[in-house]
Amino acid sequence: MSRSTPRLWRRFRRNRGGVVGLLLLMALLAAAPLAPVLAPHGPADQDLLERLARPSPRHPLGTDDLGRDLLSRILYGARVSLLVGVVGVGIALSIGVPVGALAGFAGGRLDQLLMRAMDVLLSFPAFLLAVAIVGIAGPSLQNALLAIGVIGIPTYARLVRATVLVVKAEPYVEAAHALGAGTGRVLVRHVLPNCAGPLLVQATLGMGTAILEVAGLSFLGLGAQPPTPEWGAMLSSGRAWVLTAPWLLLWPGLAILLAVLGFTLVGDGLRDALASAQ
Amino acid sequence: MARYVAHRLLLLVPVLLGVAFVTFLTLHLTPGDPAQIMLGERATPEAVAALRERLGLDRPFATQFLRYLGRLATGDLGRSIQTNNEVLGELGLKFPATIELALFAMGVAIVLGVAAGALSASRPATLWDYLGTIGSTVGIAMPVFWLGLLLMLLFSALLGWLPFSGRLSPASDLQRVTHFYLLDSLLTGNLRAFGDSLRHLLLPGLTLATVPTAFIARMTRAALLEALGGEYIRTARAKGLSEPVVLLRHALRNALVPVLTITGLQFGTLLGGAVLTESIFAWPGLGRLTVDAIFARDYPLVQGCLLLFALTFVLLNLLTDLLYVRADPRIRYRPEPA
Amino acid sequence: MRTFVLTLATILVLTGSFLVLPVHLPAVPRTGEAVAGPAPLTGGTLIYGKPKDAVKLDPHNVTDGESFDVTRQIFDTLVQFREGTTEVEPALATSWRVSRDGLAWTFMLRRGVRFHDGTPFTAKAVVTSFERQMFKHHPHHRGPFEYWASMFGGYPGIVTRVRALDEQTVRFELSRPSAPFLANLAMPFAAIMSPAALERYGEDIFKHPIGTGPFSLVEWLPNERVVLQANRGHWAGRPYLDRLIFKPILENSVRLLELEAGTIHGMHGINTDDVPRIQRNPALVLHTQTGMNVGYLAFNTEKPLFRDRRVRQALSHAVDKARLVKGLFGAYGVPAQTPLPPVIWGHHEGIRPYTYDPERARRLLAEAGHPRGFRADLWAMSVARPYMPDARKVAEVLQAQFRAVGVEVRIVSYEWGAYLERSRNGEHDMLLLGWTGDNGDPDNFLYTLLSSDAAVRGSANNLAFFRDRRLDDVLRRAQALNTREERAPLYRKAQELIHEEAPWIPLVHSVQLGAVRRGVRGYALNPTGDHRFHRVWLEQPGGRP
């Protein structure tokens, strides 16, 4: 893997979409930590006498219905979205990878059981399952993240299990096993390097999906709660002002689109680069 | 084929049991006493006890689950807390709306997606191809709830071409038979209602179709390009067949299986997306019912919605699988799918 | 010449709007509106957009305006308010008298009236409609019947008996005199329902409302539409409209867009920021009415946190009410200092408001043992109300203002029906709600919303669950007196007590807004918040929406 990294980058670089995606991601990654520096106002600072102000030098993207600076909220929203992507995928990975590995190595009944459980999760339309989980657990950003994590599990579990099954059958792995190498060692030395590429691709795409889904949940009022500057929630409250302040609808939507596009393009770029590197 | 179908149906059993278990769990995972939650925290102890009794909450867990399965088997999904109606009846009223919307969107997605993909593939590296590729990439990343609002703003508010929300004009005189309004209007020969419900379908349908269209276009393009590089295509061309014929008759047929696969996968997106689309366009379907039920803490109704969504999804997937057994004779019934 | 210009302008407006609008409704010229107005035309269908569907169509078992807006058309009451006022006039009762001790009210009923199901309206129907609400053991007493309890103080409360003296005469017997009693009978919960329908539908009566009102129910598709048709045999003459359709549209902005596009004829639930847009549009007519209402925040005084008066007072000082009202309500709201709106007699002008003083708020919180503040839930309704078009936004403003004094609140919303039900159970810490007076009497605010009689869990209208002996005593004494002169001082006293104890933060008295398309006539906003359609007519009834 390490030797091929520069080659991977060279290949990735040739993918125009991937590079655009990377730029978008870099913008997101920069906006998140720098929000306090870049934002002209606090994300929750209300000025009720300056509601629904048009874009102006003081408020470059205008203000919302409570007189909060829209640019600042969008910038701080980058933090929320990044958090959503990382934590959402993190949860899915940290459960999905062990489940997949366990199923693959153990085989037999345990494998059957785990994979049927994954099938069950996959038999719900993903977003709907997320809606139901949040509905049961109560609307909040934490629960939304949890829900997004849960619905992501099967993808990773299946991916890892498939790799395990292939790797297990390799002669050198059988040999290593025969020589007394433990399952953990096989997992770390042979399985993970083999599925690192696909996992990376999947995780990158998954972050985009997570952002989209949490935005959707927040739009329905099931995700981030006020005053958290979350893009989906901003869009939802902006609906009330389509007539008087359409920019409240424009910017948060565009922010979601660009962030998700960034992850999607980079994920696709990575996949192509990995495919052609083999 | 019949054996394959039987086998697939058999495989559904454990999955459906699992689905029932998950919906059953939804009530038990809620923090606190389900009966208390359903009735509110200050409900009288007698009322709570009565509901516990009714739901069998005082029995052991396994017994409860078996009883739940037993009730499901008889079609008893309980009663809605809000309206006191049978959950099954409530679902039955809203389900056709969602199916109508989803099928319409899927139809749009297949037509637009395959057309766009074919266009791209037939003219690779041209402006059309770039536009198609960019379009499908953006489509995949598109927050549909945003797109829906923008479409409504443009077509309903600014241009005034299409209605804002709902399935029919409020004053419509459509006689409801099947609750699939397009069908009902044809059955009753009410052409005005047909046009009316079609106009209402357009915006939510297009919105919902966006993501599947993008995926299908993408897959069509990739599969066609691969097929066009194949040996038999060269033969076909050598035979002097015109390019459209090559594309449509030979390449497209070979690209069908991957396109079908991705289409099947899109049903999940479609049904999940229905939740958002329905809430934007006030489409009185299952998705909106689910969200309303959640905000009303009407758990029997939430359970019913979840169950029905899963069942629909599972059956649609089965249907796609069967379709591609038909489309590709190379896929054969295998006893144990890896 | 002037006529010519007018006509020309009208034609321009007309053609213009036809070019812009895809459909549907007759855009009607303004000519002839100035003086007496033309004679009403009969026929046509009116589509009215409302924020939310009815919860139930059983007027005895709901408390919210969204439900009453529909049941008002279907049911009549014994007496009613003259349109646009709170003066009582005959309805299903043609005359009445009260005994000298004020304990017996006798009503003579209108003859020849029939329910929509064809059964005759008799004294028995009156008895059933009230006994069902007042007696817990009544076979049809299924549901919360919260309105009854909040008006009459329990089951049966101060009404001890409702008796049919003969087919056409009914007598109400009271345990103590009640000045607002007659006006209470004009309120929508006092609707007269068909006993035959109750027998027939039992628990499902809320889906099958059968009254004597100007319209009868054709179809209710929840969250889609309610279709009503004219009751041609109504005792006060048939309504002008043939059909009346209610369409629930959740978003204020979308509802207005639909009105502009002509897919609905009228609506309420208007963002104040959208008012100029309506005024600029020649195809629309804005209606305003100084609301007999109050929007408030109630502390649940049963929760340990808010049992302490200092905490309630502290938060009262933490709210910058002037800024909140100016910002969110603009010209269509005034800051409230007492529960009673200024348009109602008995309103206390001299209440010294809690000043906006975060410093003092923090000091009071520290005194009460919360030097670092605390966390609590603030409930906010998710649908537009006449007294608060966007409560979630009000909640966000309060959240920011409370945070400034160290109090962190989480904003919680439920679906409208669940919101009311759960708040009546007292599950909230703090909640936003409001009230539109139903009868123009101070009792209908102060007793209904703050007496301990109305603080019964499950059917509470006193959502602060505020119980104060002194206040109860003052309010009951005021009920027993007959003249305004005698009662007003007592209500002023009550407002002082409420102000001092601060079970609420009264927030705003807002102007009711409604809008219709030009060509819709006879539409009026009522001080009671009712929307009535008996006398509404279309200038072009043939127009098909």
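What you see below is based on every heavy atom in this structure, not just the backbone, and it leaves out hydrogens, waters and symmetry mates. Numbered from 1 within each chain, the chains take letters A, B, ... in sequence-line order. Quick caveat, the model's predicted, so the values are computed rather than measured.
For C/Arg424, the salt bridge (Lys or Arg N to Asp or Glu O under 4.0 Å) partners at least two apart in sequence or on another chain are C/Glu146. For A/Phe219, the ring pair (Phe, Tyr, Trp, His ring centres under 6.0 Å) partners at least two apart in sequence or on another chain are B/Phe145.
Highest contact tally toward chain C, considering only A/Leu52, A/Leu66, A/Val242, is held by A/Leu66 [criterion: heavy-atom pairs under 4.5 Å]. With chain A as partner, the option from C/Gly327, C/Ala395, C/Ala400 having the largest number of non-hydrogen pairs under 4.5 angstrom is C/Gly327.
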Pairs table: donor-acceptor atoms between chain C and chain A closer than 3.5 Å:
residue  : atom : partner  : partner atom : Å
C/Ser253 : OG   : A/Arg239 : O            : 2.8
C/Asn271 : ND2  : A/Ala240 : O            : 3.3
C/Asp273 : OD1  : A/Arg51  : NH1          : 3.4
C/Asp273 : OD1  : A/Arg51  : NH2          : 3.3
C/Asp273 : OD2  : A/Arg51  : NH1          : 3.0
C/Gly327 : O    : A/Arg51  : NE           : 3.4
C/Gly327 : O    : A/Arg51  : NH1          : 2.9
C/Lys393 : NZ   : A/Asp65  : OD2          : 3.4
C/Glu396 : O    : A/Gln46  : NE2          : 3.1
C/Glu396 : OE1  : A/Arg68  : NH1          : 2.7
C/Glu396 : OE1  : A/Arg68  : NH2          : 3.1
C/Gln399 : NE2  : A/Pro226 : O            : 3.0

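Residue pairs meeting the ring-ring contact (aromatic ring centres under 6.0 Å, His included) criterion with at least one partner in residues 114-144 of chain A, sequence neighbours excluded, are absent.
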